[in-house]
Amino acid sequence: MSYQFTVSPDFTPSHLSGWYIFNTWLQNQTDNAIHLEMYNDFHEQRDAIEADNVDLIYANPFDAAQLVREKGFKPLVKSAGESDEAIIAVNADNHVEDVAHLESGLRVAVTDDPDVRMMGMIMLEPGDLDETNIEEIPSDTYVIVAKHLLKNEADAGIFLAESYDELSKMIRSQLRILVRSQISVIHHSLMIGPKLLDQREKIHDILINMNNDAKGRGVLESLGFEQWQTVDDDEMEFMIDLMDTLTM
Amino acid sequence: MLHDMNPEDIVGDFQEVTLDLYGGFKRRILYTEIETSYPDGKLIVSTTDKEGVITHVNQSFIEMSGFTEDELIDTPHSILRHPDMPPAAFKDLWDTVNTGVKWQGFVKNLRKDGGYYWVKATVIPNVRDGEVVGYTSVRRKPSRTKVEECIKLYPTLF
Ligand SMILES: Cc1cc2nc3c(=O)[nH]c(=O)nc-3n(C[C@H](O)[C@H](O)[C@H](O)COP(=O)(O)O)c2cc1C
């Protein structure tokens, strides 16, 4: 039997090879044949989930509700100590000090990364801004969001905080952060589907111990992670309730 | 448990009023005119059981309310009830979530030190296997325009 593994399409591009290395490592450790399928965007990935073509997924928090409630997935682990946070940034020449002073008609550069977009929109609300009175500038990556700001093609940009922090020093010096979220409880998680559930404990233990040997540490490094941390059912339920509250 | 407020906890000049809470509870409230502004980028989160008794709070909740986690857990959510909030708002909240849908509104909350803070709150029922097991509320920073509207509107709803 072969299993299907996929990764939320918003992964950092520089970690693409890391996910293939991780998949090879996981197959060796668990004695499972696992095929890693990368989808181009969230639509394609959701179609695959809908068609039951996913058994293991590094999931965006936005998809966790569907995975758990409709598809019987359970959480395994997350990257230790990390959470998804968003940043609203402007061109450094922009004199606006506070989101509350942004004005309607604002051009906002944004990716289709659903949880970051949601957090960003929440952070624009204190300025009486919402979907109806901003102009969204769709951007494929966070580097492109930054470029729109530098070229004054956008007035504000919504970033994944981690991606903002990874922008070059040169680019960051020309931008300014207006708000950085501190939500702490919204995060990507590695989740396991019904066909693999009988191996949940085994796979969980292998992952949790991954940083204890040099090989495993190397694989984690290629993902940009230090180690995995358990996500139990209660933590996942809490995150899903929170996401429901923010999105429904 | 809900206790009357303690003058020693209050910062600044205060007024006193007794609130009639759900289930015939009375609580003596001490409140000031000191506003704490909502911190940028944070969400205040709590969960309750079906009766509105707090089961979980996050760190931002603790910081903004001024209570410790121990003082909040197992206590009715009306521990934050501010006398300027019209009862109709909370009736609407409960009527809405009882029909299984999300409630959203602007709420002035009372701090342990007698001060207050405005939030934009969203409350949803938590459904497990088709049954409501509790509620989750997430608060975010409200726009000042909306708060000003509520400051005018709420006194007319008593
Ligand atoms: C999840 C949840 C969150 C709530 N959050 C608040 C709150 O932040 N402030 C507040 O005054 N009431 C809140 N309430 C409403 C209280 O339960 C209560 O109805 C209200 O304080 C009025 O008190 P009373 O119902 O005893 O009259 C919340 C209720 C639920 C279910």
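Throughout, a chain's letter reflects where its sequence line sits, starting with A, and its residues are numbered from 1. From a predicted model like this one, the values you see are computed outputs, not experimental measurements.
- Below 4.5 Å, heavy atoms of chain B meet heavy atoms from Ile122(A), Met123(A), Glu125(A), Pro126(A), Asp128(A), all part of residues 104-143 of chain A.
- Contact residues of residues 108-121 of chain B toward chain A are Lys120(B) (heavy-atom distance under 4.5 Å).
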What do the steps show when you test Leu246(A) against Leu43(B) for side chain to side chain contact (heavy atoms under 4.5 Å, CB included), and what is the final call?
CA-CA 10 Å; Leu246(A) 295 172; Leu43(B) 296 177; 3.9 Å; yes
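- The OG1 atom of Thr55(B) lies 9.0 Å from the CZ atom of Phe238(A); values are rounded to the nearest 0.5 Å.
- Within residues 12-42 of chain B, the residues having any heavy atom under 4.5 Å from a heavy atom of chain A are, by residue number, Asp40(B), Gly41(B), Lys42(B).
- Enclosure of atom NZ in Lys71(A) by more than 12 non-hydrogen atoms of other residues, nucleotides or ligands within 6.0 angstrom is indicated.
- Interface residues of residues 130-158 of chain B toward chain A, defined by a heavy-atom distance below 4.5 Å and sorted by number: Thr136(B), Val138(B), Arg140(B), Lys141(B), Pro142(B), Ser143(B), Arg144(B), Thr145(B), Lys146(B).
- Contact between Asp241(A) and Arg128(B) at its shortest, heavy atoms only, is OD2-NH2, 2.8 Å.
- Few gaps surround CD on Gln104(B); more than 12 heavy atoms of other groups in view lie less than 6.0 Å from it.
- Residue Glu85(A): no heavy atom, backbone or side chain, is found under 4.5 Å from chain B.
- Separating the CG atom in Asp129(B) from the CZ atom in Arg69(A) is a distance of 9.5 Å, to the nearest 0.5 Å.
- Heavy atoms of other residues, nucleotides or ligands lying less than 6.0 angstrom from NZ of Lys202(A) number more than 12.
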